[in-house]
Protein chains: 2
Amino acid sequence: MPSNDTKTALLDAAEKAARTMGFDGFSYADLAEDVGIRKSSIHHHFPSKAKLSVALMQRYHENFQAVCSEIDANFSTGGEKLNELINQYRARSDDGKRLCLCASFSASRDSLSPDVVHQISLFRAMVIDWLTGAFEKGQSDGSISGVLDPALESAAALSLLEGAQLAARAEENSALFENAIKLLKLRISVSNPLYPGR
Amino acid sequence: MPSNDTKTALLDAAEKAARTMGFDGFSYADLAEDVGIRKSSIHHHFPSKAKLSVALMQRYHENFQAVCSEIDANFSTGGEKLNELINQYRARSDDGKRLCLCASFSASRDSLSPDVVHQISLFRAMVIDWLTGAFEKGQSDGSISGVLDPALESAAALSLLEGAQLAARAEENSALFENAIKLLKLRISVSNPLYPGR
DNA sequence: ATAAACCTACTGATAGGTAGATTAATACCA
DNA sequence: TGGTATTAATCTACCTATCAGTAGGTTTAT
C-alpha cells in the first residue's frame, strides 16, 4: 500500500513553512520535526528541495484552480465570485501569520528552480484569467460597480489581495487585510442577485 | 577620520541583497564579496545581522520620509503627490528585480529581530499617514477622482503598490507593475499640461 | 521475496560569529 | 619636526551550528 500519508504530511508542513518563513526560511529539519520522521527520510519522498517546491507549487495550482471552479459552480454573479475569491485570500492570510504560496515564492524568486519560476507564471495567469471573467460578469450583471476594464481590474485586484496579505503579515494583524480590501468590497453590490440590474 | 564609506557600502549592498533575495536569502559572505572586504570585517561595522537589519530599516525609513517631504515641497495637488509616490514604488521595483525593503522584510517576518518588526510598523504608519494626506488633498482639490474615504484609499493604495511590486517580481517583468497600477493612475487628473503624468 | 519506508551515520558547503594579530590613520607631546 | 601612544579598520584563522544531500543498512507490509 503506497502510503501517501507521509508525502501529504510533508507537503502540508512544507507549504505552511514556506508561506510562513519563505523558501529560504525553512529546512528539511523543520519538516522532519513537524512530520515526525528523520530529515534524511524526506529525501525518499522528495529527493531535493527543488523537487519538493515543484510538487508544492503544482498541488497549490491544482487546489486553487479547483476552488475557482467550485466558486463558478456555486455562485453566478461577478460580485459573488469576487467576494468568494477575497474570502480565499483572507483565509490564506491566516490572520497575518502567512502569505499565499504564490506571493511567498515570488519574494524568494532568486532561490527557486527555473521550473518553479515558470509555475508561478502559469499560476498567476490562471488566477488573472479567472478574475477577469469575474469582473466581466460583474460588469455585465451590475454586481460590481465602476468596472472600466475587466483585465485591468483583474491585475489590480490580484495585486491588492497579495498586497493586503503582505500588510497583514507586516504587523501580524488581520485588520490590515480588511482595511486594504474594504473599498473593493464596497464596489460589490449587496442587492438581490436575482435582479442583475442595468 | 571615521570613514563611513565602508559602512555605507555595506548598507547599500545589504539593502540591495535583502530586497532581491529576502532577509534569509543573503549572507555576510555575499556582502563581503560585493564590498570587497573579508566577511569577518563586517562585524566591526555591524556586530550582528540583527543590528545590520535595524540600521538598514532605520536608514530606509529616514530616506523614504525625506522623499515624502521632498514631494510635499515640490507638488501641491493630491494627484501629483500620489503620482510621485507611485513613481517611487516603480523605481524601487527595479523592473521586477526587487521589492521595497518593507515588503521584503514583511515576508521574512519570522526571521527578524523584534526591533525590526517594530520598525516595520512605524514605517508603514508613516507611509499610510502621508498617503492619507495625499488622498485628502486629492479629494478636496479634485485631482483624484472617486475618493470616498482617504484613510481606506491610503491602505488600499499601499497594498496595491506593494502587491504590484510582487507581481512584477513574480515574473521579473515591469509591465505587470504598470498593469496593476493603471486603474489607480487613471483616477489622477492630468489637468496641468506641464505635468502630464506617465 | 520484494520493495517501499524509514533509519543511522555521514559528507562538504555554508551560515553567523569570535579571537587575536596586523595595518593604517590620527593625536599628543617633547 | 619627529616619535610615540591610541584607535579604527581590516586581516587570517578558526568556531559551532546548520544546510541540503548521500550511502547503506533495517524495518515493515505485501
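Just so we're on the same page: letters track the sequence lines, and every chain starts at 1. In this text, all values refer to a predicted model and were calculated from it rather than measured experimentally.
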Report the residues that fulfil salt bridge (charged side-chain N to carboxylate O under 4.0 Å, His left out) with [X], sequence neighbours left out, ordered by chain and then residue number.
X       : answer
B:Asp12 : B:Arg59
B:Arg92 : none
A:Arg90 : A:Glu178
A:Lys49 : none

Exercise. Go through the structure and list residues passing ring-ring contact (aromatic ring centres under 6.0 Å, His included) with B:Phe64, not counting sequence neighbours.
Key: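 Per chain and number, B:Phe64 pairs via ring-ring contact (aromatic ring centres under 6.0 Å, His included) with B:Tyr89, B:Phe123.
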Practice problem: Please list, chain by chain and in numerical order, all residues satisfying ring-ring contact (aromatic ring centres under 6.0 Å, His included) with B:Tyr28, sequence neighbours excluded. | Solution: B:His43
Quiz item: Under the side-chain contact (heavy atoms from CB on, under 4.5 Å) test, which residues partner B:Val117, sequence neighbours left out?
Solution: B:Arg109, B:Leu112
Quiz item: Of all residues at least two apart in sequence or in a different chain, which pass the side-chain contact (heavy atoms from CB on, under 4.5 Å) check with B:Asp129?
Solution: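 With sequence neighbours excluded, B:Asp129 shows a side-chain contact (heavy atoms from CB on, under 4.5 Å) to no residue whatsoever.
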Quiz item: Quick one, which residues of residues 46-60 of chain B touch DNA chain C with a heavy atom under 4.0 Å?
Solution: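 By residue number: B:Ser48, B:Lys49.
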Exercise. Would you jot down, in residue-number order, the residues of residues 27-38 of chain A having a non-hydrogen atom under 4.0 Å from DNA chain C?
Key: A:Ile37, A:Arg38
Exercise. Compute the bend angle of the helix from C:dA1-D:dT30 to C:dA30-D:dT1 from the end axes (five pairs per end), rounded to 10°.
Key: 0°
From [atom1] of [X] over to [atom2] of [N], roughly how many Å is that when rounded to an integer?
X       : N      : atom1 : atom2 : result
B:Asp5  : C:dA25 : CG    : P     : 13 Å
B:Phe23 : C:dG16 : CZ    : C1'   : 10 Å
A:Lys39 : D:dA20 : NZ    : P     : 7 Å
B:Ile42 : C:dT18 : CD1   : P     : 14 Å
B:Asp24 : D:dA17 : CG    : P     : 20 Å

Quiz item: Does the C:dT8 base have a donor-acceptor partner in the side chain of A:Ser40 within less than 3.5 Å?
Solution: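 Flag set: donor-acceptor pair detected.
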Quiz item: So, is A:His44 close to the C:dA5 phosphate, meaning a side-chain N or O under 4.0 Å from OP1 or OP2?
Solution: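 It does, given that an N or O in the side chain of A:His44 lies less than 4.0 Å from OP1 or OP2 of C:dA5.
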Quiz item: Does OP1 or OP2 of C:dA5 have a side-chain N or O of A:His43 closer than 4.0 Å?
Solution: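 No.
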Self-check item: Within one Ile-Leu-Val-Met-Phe-Trp-Tyr cluster: A:Ile86 and B:Leu166, side-chain cutoff 4.5 Å
Solution: no
Self-check item: Set of side chain to side chain donor-acceptor pair (under 3.5 Å) partners for B:Ser154, sequence neighbours left out
Solution: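 Partners of B:Ser154 by the side chain to side chain donor-acceptor pair (under 3.5 Å) criterion, ordered by chain and then number, come out as B:Thr132.
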Quiz item: Between D:dT10, C:dC6, D:dA20, which nucleotide has the shortest distance from any of its atoms to the side chain of B:Thr6?
Solution: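 Within the option list, the nearest is D:dT10.
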Exercise. Indicate whether any N or O donor in one side chain lies under 3.5 Å from an N or O acceptor in the other, for B:Gln58 and B:Glu62.
Key: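 A donor-acceptor contact under 3.5 Å links the two side chains.
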